[in-house]
Amino acid sequence: MLDIRLRSFAAAAILLAIAAGAWLLSADPAAKGLVFSLLTGAGLGVVLQRSRFCFLCNLRDFLDERDPRGVLAILVALGFGAILYSVVVMSWVPVPQPGRLPPNAHIGPVGPVLAVASFVFGLGMAISGSCLSAHFYRLGEGSATSPFAIVGAAVGFLLGFLTWNPLYLWSISESPALWLPHFLGHAGSLTLTLLIVGLLGILVHVLANWADWTAATAGPSNPLKAILVDRWPPVAAGLLVGTLSAIFYFRVAPLGVTAELGSLVRTGASGIGLLPGTLLGLDTLRGCATVVKQALLSNNGILVVGLVAGSLASALAADQFRPRRPTARQIARSVFGGLLLGWGAMTSLGCTVGVLLSGIHAGAVSGWVFLVFCTLGAWSGLRAPVLRRLAK
Amino acid sequence: MKRIAKLTSVLVGLFLASGAQASDALVTADWVQDNLANPNVRIFEVSVDTGVYERGHIPGAVHLDWHTDLVDPVKRDIADQAAFEAMLREAGVSRDTTVVLYGDNNNWFAAWGAWVFDVYGIEAKLLDGGRKLWEAQGLPLDTALVDHADSLIELPERNTALRARLNDVLDASEGRSAAKLVDIRSNDEYTGKVFAPEGVKELAVRAGHVPGAVNVPWGKIVKEDGTFKSADEIKAIYAEQGIDGSSPVITYCRIGERSSHTWFALKRILGYDARNYDGSWTEYGNAVGVPVVNVAGTVWTGK
């Protein structure tokens, strides 16, 4: 355990470094996207770390312990983000016209490939221990396994690029990008989204074992401890994640954490001639875009850097920075799970943040498909005996 | 005496008119700021990067999507008359509206827009320096969409004198017309070292340029901050290449959008008889049997 003064000093130094980075970047008026990305990333890192906003852990807590807190945080994030998103989308696209989608919104192609890729992503979550966004914030907690999962995901991305063309020709090229407001209008789309989120909330409430968790979360706490050390309450976490998602969409692009990783792999692999000359249609689809890199700093890259740094500062302050030496088995599991995460994220054009969160916020059917199949994948990974042994 | 006075006034009027035309093609950021509330001024943003307009545009500006509003989305052509007229009506443009265009990417696509407007009989102006300069000066941006009252404008048929087709280019190249050709691409594209600029797909199967074309890369006529150089400087740059307005000019690039930028300078700033060849190298470099000068000798898919 690190000395509290050392930890506090280190956390403050990291936050100062983030602020200094933002200040340096702001000297270039063309880089305002980078400044906003760095600060949003840092904010997201703090929120994810403080509230343990990890799709898999929250699902596992609910399945194993009937602890509803994390799952509720996700549902609040989905619903509140959808409300804020609709404010932005309605002002940009007042009338949903056929053939036109809100700019940049992650409204991906819906078809069997998305279902399979989301399922594989969910499986990868269960095996590697979390989804990609959580692996990034866990880097900040000094996780021993997340670096291996991220390396595995990079390899998975490469496999995704290699299998892309046949999958595109077989199905993705004919998979429509379904946007709920095209069918229901803005109001209908938002109502349906909130209705589903509400019903899921009721389901969670009914199945939850509230007695255990009301006791655990009740009671007055030192406010400083409540902010810096205790896990943030689910409603606060959900509201903050939903807010960050919408303001980032408003200012820069939909939230996502895999575009930079994918771009690095794509740039490197095409540089050494590993990839096909053309990735069919990939650059025309909505989602976490992986582009061949032209500039060192990208909005998404700096968002992820901010996320890891924010999480590190927050983990240090909470004394949750606990690096450990991983076992060989843990490493193997992380790499293999990461590989599935990478293939799934490349093929479905994003992950739990880019497709699920940003998609559902925007009214994309692809977000809901990802939610269903990723949850099924994770559930299978956690419950199916063979896979369970693998994940142990 | 009376006759002389009349003649003088006509001459002065002509002089003023041509002077006004030369300087009127461009407006400054200050002018735009002063005219934000002017109901007779309609500003259009033509940016190609998705979401740029929505995340902040010049207050009151209307969005023109290059991929759908300024071109025919199915066949390779500029927007058809009915679609363009409908768009202008919805934007509330009437005959006495002053149209100002600006956009990202050095105003390339805004200049394409200005060319399309001109083809349909509306002399649009460009905000000199485009979006980049507006942002660099820290001028206000807005995310609200303004619903302008519809107009009843009727557009004339296309003015074909502003557009060059493949045959016009061949006539110029082979001496059947007096027109001169300007290739505004980079020197590496012009000499045939590369088929397309870096980061852009090679969409032509031959490299090089149209025989007889001179090479004046588009960037030569703009300043560091993206604004056009003075009319005199632009005139001198072209005069060096033998283009002085005494014969018609045809501009081309790869797909016709950067050449609109040069077309704008030649036609609207200098007042030369200039046409844009929007087929450009992606048509010419793929056409069968047309002569090509390929100094570098690059062979398509050759080793």
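Lettering of chains follows the sequences in order, A, B, ..., and the numbering in each one begins at 1.
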- Task: Could you check R55(B) against V88(A) for side chain to side chain contact (heavy atoms under 4.5 Å, CB included), going step by step and ending with a plain yes or no?
- Result: CA-CA 10 Å; R55(B) 292 195 175 86; V88(A) 177; over 6 Å; no
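- Annotation for G51(B) and P103(A): closest pair CA-CB, 3.6 Å, computed over non-hydrogen atoms.
- W92(A) and L145(B) make their closest contact through O-CD1, 3.6 Å (heavy atoms, listed as atom of the first residue, atom of the second, distance).
- Counting heavy atoms of neighbouring residues, nucleotides and ligands inside a 6.0 Å radius, atom CG of D147(B) does not exceed 12 of them.
- Residues that satisfy the ring-ring contact (aromatic ring centres under 6.0 Å, His included) test with Y190(B), not counting sequence neighbours, are H209(B).
- Counting heavy-atom neighbours within 6.0 Å of Q33(B) CD, excluding the residue itself, gives a total above 12.
- Only the side chain of K201(B) comes within less than 4.5 Å of a heavy atom in chain A; its backbone stays farther off.
- Interface residues of residues 67-85 of chain B toward chain A, defined by a heavy-atom distance below 4.5 Å and sorted by number: T68(B), D69(B).
- In this structure, the portion of P94(A) lying under 4.5 Å from any heavy atom of chain B is its side chain and not its backbone.
- Heavy-atom neighbours of R206(B) CZ from other residues, nucleotides or ligands within 6.0 Å: at or below the threshold of 12.
- Counting heavy-atom neighbours within 6.0 Å of W300(B) CH2, excluding the residue itself, gives a total of 12 or less.
- Rounding to the nearest 0.5 Å places CG of N104(A) at 9.5 Å from CG of D49(B).
- The 12-atom threshold is exceeded at NZ of K293(A), counting heavy atoms of other residues, nucleotides or ligands nearer than 6.0 Å.
- Annotation: E154(B), atom CD; neighbour count of heavy atoms from other residues, nucleotides and ligands within 6.0 Å does not exceed 12.
- Among V93(A), T278(A), V252(A), the residue with the largest count of heavy-atom pairs under 4.5 Å with chain B is V252(A).
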